Structures are given as C-alpha cells and as structure tokens.
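Please read the structure below before turning to the comments.
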Amino acid sequence: MDRKQHWEQVYAEKNAKEVSWYQAHPEISLELIKTSQQKKGIIDVGGGASVLIDKLLESAYQNLAVLDISAAALRIAQQRLGQNATQIQWIESDVTQFKATEQFNLWHDRAVFHFLTEKSDRAAYLQVLRNSLKPGGCVIMAAFAIAGPEKCSGLDIVQYDAEKLLKELNGQHAGKFTLQEQVSENHKTPTGKIQAFTYYRMQRTA
Ligand SMILES: C[S@@+](CC[C@H](N)C(=O)[O-])C[C@H]1O[C@@H](n2cnc3c(N)ncnc32)[C@H](O)[C@@H]1O
C-alpha cells in the first residue's frame, strides 16, 4: 500500500477523535505559535483533521493553510468548520512533492516529518520547506522523542532529539535553522497510552 492509500484508509475507517494522535486542545502548538509572533501566513503541514486550524481561526490568525496527503482528512476538517472553511487554503498533496506558490511565515508539522524514513524523502521535504518558508520564518516541528514510540499509525517512524533534528535540517542545504525552544509532551492517546513527543521551535536564519 502506498502512502496516500494508507492515509486515505485511516481517515475513511476511523473516527478522527479516535486516532492515536488526536488532541482536543493542541496547547503546546498554540503556545509555540504565539511565542513565534507570526500572526499570518501559517501552514499546518500534515494537519489532517486536527483542530489546530479551528483554534487559529478563533484567535484571528490570518492567511492560513492546511496541507495533507489525505483528501478524506481535509474533508473532515472542512465539514467541521462549515462556512469558516472558506477562510482556509486547503492543499491536498504529499508534502515531499508540494510546490508552493507563495512563501509562508510559519511552518507547523506535528508528527509528519518523522514518517520519512528514507533519506531521499527527507531531502525532498527539506527542499520544499526551503521553497515554502520565508527567510526569518518559523518552523515548529513535533516528533516522537528518542525514548518514544517506534511506530505511528502502524508505520515506522524516525525518533528525534534536538541535535538529530537540527543536523537533519541544516545538513542538506535546506537553509539554516536555529533552535529557539523545545518542549516535551507526554501525549495521552484516546486509548490512554502515553507517547513521548518533543516540539521544536526553530527560526530560519538563512
Ligand atoms: C500522525 S498524523 C498527525 C496529524 C496532525 N498533524 C495532528 O497533529 O493531529 C499524520 C498526518 O500527516 C499526513 N501525512 C502523512 N504523510 C504525509 C505526506 N507525505 N504528505 C502530507 N501529509 C502526510 C497524514 O494524512 C496525517 O493526517
């Protein structure tokens, strides 16, 4: 099964509130976005059916986009938002193949980059990141910590700590990224399991 099929099937078969990564209140993401002081031009990469976009709209953030490989995931978020969905740019794409037509101020990725187990996919993602983010812009990434789970949604992932992530981001000519802040989270899944995530707030400095 390819990537797209996997994710379309997940969102077709599961209730969006029952997937392991579900959060009713994406508090750490919201806090880090607030600290970044970027109020517009925000893309949630692999946002899926996350309510982060609802919260950003409610807080008057502007020029918002959600990208996801799964059309079914985007539909869930659109239906939930109703008329407000027209205020969001919805992008159905594999992030590694995304061609941005504008540059964003803030790139948010919770639990997407960590699925890229192939070096060539990570290189493609980082090229897209460089093309899509303004210099001086902010990247917020959340991934499973080194002591965290080894799989997500039944797929292998790569665990990260700050050193490993920064080495990845700065090692492939993808611009220069500086770590501003990191926050650990023990995410409780809907079935009560604890997953160790770390969030990284970084600035593109070149
Ligand atoms: C673990 S979920 C996280 C969803 C959301 N970020 C959150 O925190 O609730 C991973 C999401 O990334 C999407 N995804 C996985 N691989 C992707 C890719 N290569 N390009 C774009 N989206 C992808 C999936 O469809 C799914 O919505």
Side-chain angles (χ1 to χ4, degrees), residues 1-33 42-56 64-78 80-81 88-100 104 106-129 131-132 139-145 148-160 183 185-191 193 195-200:
M1 194 188 293
D2 74 12
R3 259 201 307 248
K4 182 165 174 67
Q5 277 178 312
H6 172 86
W7 290 105
E8 293 294 8
Q9 192 171 324
V10 166
Y11 286 103
E13 291 179 354
K14 290 197 175 174
N15 183 310
K17 291 188 178 174
E18 287 167 1
V19 293
S20 59
W21 53 93
Y22 174 71
Q23 294 177 296
H25 303 287
E27 279 159 26
I28 298 176
S29 294
L30 286 166
E31 201 50 45
L32 293 175
I33 292 170
I42 297 174
I43 182 165
D44 189 13
V45 175
S50 166
V51 300
L52 177 65
I53 200 69
D54 310 39
K55 308 286 178 195
L56 293 175
L64 302 173
V66 179
L67 176 147
D68 205 278
I69 198 167
S70 162
L74 296 178
R75 262 196 310 276
I76 294 167
Q78 288 162 349
R80 188 182 62 231
L81 281 161
I88 311 293
Q89 184 189 352
W90 303 96
I91 305 162
E92 180 192 334
S93 173
D94 185 321
V95 59
T96 61
Q97 289 161 32
F98 174 50
K99 292 188 176 49
F104 295 91
L106 191 149
W107 174 281
H108 177 270
D109 165 342
R110 176 174 179 266
V112 186
F113 184 69
H114 77 182
F115 284 110
L116 303 178
T117 53
E118 297 290 327
K119 197 174 177 196
S120 57
D121 275 337
R122 291 195 295 275
Y125 177 109
L126 293 171
Q127 182 64 44
V128 172
L129 172 60
N131 293 341
S132 311
V139 181
I140 296 169
M141 276 197 194
F144 284 159
E150 290 170 354
K151 283 182 185 273
C152 182
S153 189
L155 303 175
D156 289 338
I157 57 94
V158 182
Q159 301 172 330
Y160 287 98
V183 181
E185 176 190 43
N186 278 325
H187 168 65
K188 195 170 178 186
T189 72
T191 59
K193 289 195 185 121
Q195 298 182 326
F197 269 95
T198 311
Y199 292 67
Y200 305 91

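Both counts, for ligands and for their atoms, begin at 1 and track the order of listing. Keep in mind that this is a model prediction, so the values were computed, not measured.
Proximity to L67 (heavy-atom distance under 4.0 Å) selects the following atoms of ligand 1: 21 (C). Against a heavy-atom cut-off of under 4.0 Å, Y11 is close to the following atoms of ligand 1: 25 (O), 26 (C), 27 (O). Taking every heavy atom of G48 and a limit of under 4.0 angstrom, the matching atoms of ligand 1 come to 27 (O). Taking every non-hydrogen atom of S93 and a distance limit under 4.0 Å, the qualifying atoms of ligand 1 come out as 20 (N), 21 (C). Within the listing of ligand 1, atoms 18 (C), 19 (N), 20 (N) sit less than 4.0 angstrom from a heavy atom of D94. Using a 4.0 Å cut-off to heavy atoms of A111, the atoms of ligand 1 that qualify are 1 (C), 10 (C).
For ligand 1, the polar-atom distance check against V95 finds a nitrogen or oxygen pair separated by under 3.5 Å. Among the atoms of I69, some N or O lies under 3.5 angstrom from an N or O of ligand 1. Checked against a 3.5 angstrom limit, the closest N/O atoms of F115 and ligand 1 fall outside it. In terms of polar-atom proximity, R110 is counted as a contact of ligand 1, with an N or O under 3.5 Å from an N or O of the ligand. Inclusion of D44 in the set of residues having an N or O under 3.5 Å from an N or O of ligand 1 is not warranted. On a distance-only criterion, Q23 and ligand 1 share no N/O pair closer than 3.5 Å.
A77 approaches A49 most closely through the heavy-atom pair CB-CA, 4.3 Å. Nearest approach of S20 to H187, heavy atoms of both residues: O-NE2, 2.7 Å.
Side-chain contact check for D109 and Y125: at least one donor-acceptor pair (N or O, by modelled atom type) lies under 3.5 Å. Between the side chains of S70 and D68, no donor N or O sits under 3.5 Å from an acceptor N or O.
Results of the side chain to side chain contact (heavy atoms under 4.5 Å, CB included) test with F98 over V45, N131, I69, V128 single out V128 as the only residue that passes.
The ring of F144 has its center closer than 6.0 angstrom to the ring center of F197. In summary, the aromatic rings of Y160 and F113 are positioned with their centroids under 6.0 Å apart.
Among protein heavy atoms, the minimum distance from atom 9 (O) of ligand 1 is reached at W21 CD1, 3.3 Å. Counting protein heavy atoms only, atom 5 (C) of ligand 1 is closest to G46 O, 3.3 Å. Closest to atom 16 (N) of ligand 1, if we only count protein heavy atoms, is W7 NE1, 3.7 Å. In terms of protein heavy-atom proximity, atom 25 (O) of ligand 1 is nearest to D68 OD1, 2.6 Å.
By the 30° and 60° cut-offs, the orientation of the rings of W7 relative to F115 is perpendicular.
Distance alone, capped at 3.5 Å, places no donor-acceptor pair between the R110 side chain and the D44 backbone. A distance-only check finds no donor-acceptor pair linking the side chain of Q195 to the backbone of G148 [under 3.5 Å].
Ligand 1 lies out of reach of S153, whose nearest heavy atom is not under 4.0 Å from it. Not a single heavy atom of T96 sits less than 4.0 Å from an atom of ligand 1.
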